[in-house]
Amino acid sequence: QEHYGGLKGLTIAWIGDGNNVLQSFMMSAAKLGMHLRIATPRGFEPDLRITKIAEQNSKEYGTKLLLTTDPLEAAESANVLVTDTWISMGQEEEKKERLKAFQGYQITMQTAKSAASNWTFLHCLPRKPEEVDDEVFYSPQSLVFQEAENRKWTY
């Protein structure tokens, strides 16, 4: 909202794990008038109960919701590209399996070519290079440090 001047009509592309951060987006995006395009590897989808609620919200609020396994499809025309850690606390033993499953999900400038011309990038940090490459992470389109600074005011 701070960057775009409003949220209504924006398209968010989540590329990565179907974790709690994604599920928060799913519970709120439609209510704020945002379209949500989600790409997760098979077996790493968000909770089905959350998905059903997000689908209902999308219908109720007139937004679009897409779930796919194709990161480029999710990124298509997106204003905001978002990812998060692929290996959360308590999942360290799954690291090898997860890194294999998430091959092709790294956000790069190639991913951004599918996005809208005014795309930005978010990540709630800490970031690992396999999730997003340096070129995107340190680009002018990256809002990760503003995002982190904004969290400071929520405590």
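One is the number of the first residue; the rest follow in order along the sequence.
- Glu45 places none of its side-chain heavy atoms less than 4.5 Å from the side chain of Leu67.
- With rounding to the nearest 0.5 Å, the separation of CZ in Phe121 from CG in Leu81 is 7.5 Å.
- Put simply, the side chain of Arg98 reaches to within 4.5 Å of the side chain of Asp17, judged on heavy atoms.
- Residues Thr120 and His3 have side chains in contact (heavy-atom distance under 4.5 Å, counting atoms from C-beta outward).
- Using a distance-only test at 3.5 Å, with no hydrogens or angles considered, a donor-acceptor pair links the side chain of Glu131 to the main chain of Trp86.
- No donor-acceptor pair closer than 3.5 Å links the side chain of Glu55 to the backbone N or O of Leu65.
- The minimum heavy-atom distance linking Trp119 with Ala78 is given by the pair CB-O, 3.9 Å.
- Hydrophobic clustering places Val80 together with Met27 (ILVMFWY residues linked when any side-chain heavy atoms are closer than 4.5 Å, directly or through intermediates).
- Interatomic distance, OH of Tyr61 versus NZ of Lys8, reported as 11.0 Å (0.5 Å rounding).
- For Ser58, the side-chain hydrogen bond (donor to acceptor under 3.5 Å, both in side chains) partners two or more places apart in sequence, or in a different chain, are Thr63.
- Here Leu72 pairs with Asp70, Thr111, Ser114 under the side-chain contact (heavy atoms from CB on, under 4.5 Å) rule; sequence neighbours left out.
- With sequence neighbours left out, Arg42 forms a salt bridge (charged side-chain N to carboxylate O under 4.0 Å, His left out) with no residue at all.
- Side-chain contact between Met26 and Thr51: present, with at least one pair of heavy atoms (C-beta onward) separated by less than 4.5 Å.
- Connection of Phe44 to Leu99 is established within a shared hydrophobic cluster, with ILVMFWY side chains joined at heavy-atom distances below 4.5 Å, either directly or through further cluster members.
- The number of heavy atoms from other shown groups lying within 6.0 Å of CD (Glu149) is above 12.
- With sequence neighbours excluded, the residues forming a side-chain hydrogen bond (donor to acceptor under 3.5 Å, both in side chains) with Asp84 are Asn19, listed by chain and number.
- Applying the salt bridge (charged side-chain N to carboxylate O under 4.0 Å, His left out) test to Glu73 and every residue at least two apart in sequence or in another chain returns nothing.
- Note on Val144: it clusters hydrophobically with Met109, by side-chain heavy-atom contacts below 4.5 Å among ILVMFWY residues.
- The two residues Asn57 and Lys31 come nearest to each other via the heavy atoms ND2-CE, 3.6 Å.
- For the residue pair Tyr105/Thr83, the side-chain donor-acceptor check at 3.5 Å is not satisfied.
- Here CG of Asp134 is found 10.5 Å from OG of Ser139. Values are rounded to the nearest 0.5 Å.
- Counting non-hydrogen atoms of neighbouring residues, nucleotides and ligands closer than 6.0 angstrom, the CD atom of Glu2 reaches no more than 12 such neighbours.
- Considering only heavy atoms from C-beta on, Gln141 stays 4.5 Å or farther from Val136 through its side chain.
- Distance check: Asn79 CG to His35 NE2 gives 9.0 Å after rounding to the nearest 0.5 Å.
- Atoms CZ and CD1, on Phe137 and Ile107 in that order, are 11.5 Å from each other to the nearest 0.5 Å.
- His123 has its side chain out of reach of Val21: every pair of non-hydrogen atoms, C-beta onward, lies at least 4.5 Å apart.
- Ala74 approaches Ile15 most closely through the heavy-atom pair CB-CG1, 4.3 Å.
- Side-chain atoms of Glu94 never come within 3.5 Å of backbone atoms of Gln91 as a donor-acceptor pair (strictly under, hydrogens ignored).
- For the atom pair CD1 (Ile12) and CG (Leu7), the distance works out to 7.5 Å, reported to the nearest 0.5 Å.
- Residues meeting the side-chain hydrogen bond (donor to acceptor under 3.5 Å, both in side chains) test with Glu147, sequence neighbours left out: none.
- Taken together through direct or relayed side-chain contacts under 4.5 Å among Ile, Leu, Val, Met, Phe, Trp and Tyr, Leu125 and Trp14 form parts of separate hydrophobic clusters.
- Residues Phe102 and Gly16 share a closest heavy-atom pair of CE2-C, 3.4 Å.
- Of all heavy-atom pairs between Gly104 and Pro71, the closest is O-CG, 3.5 Å.
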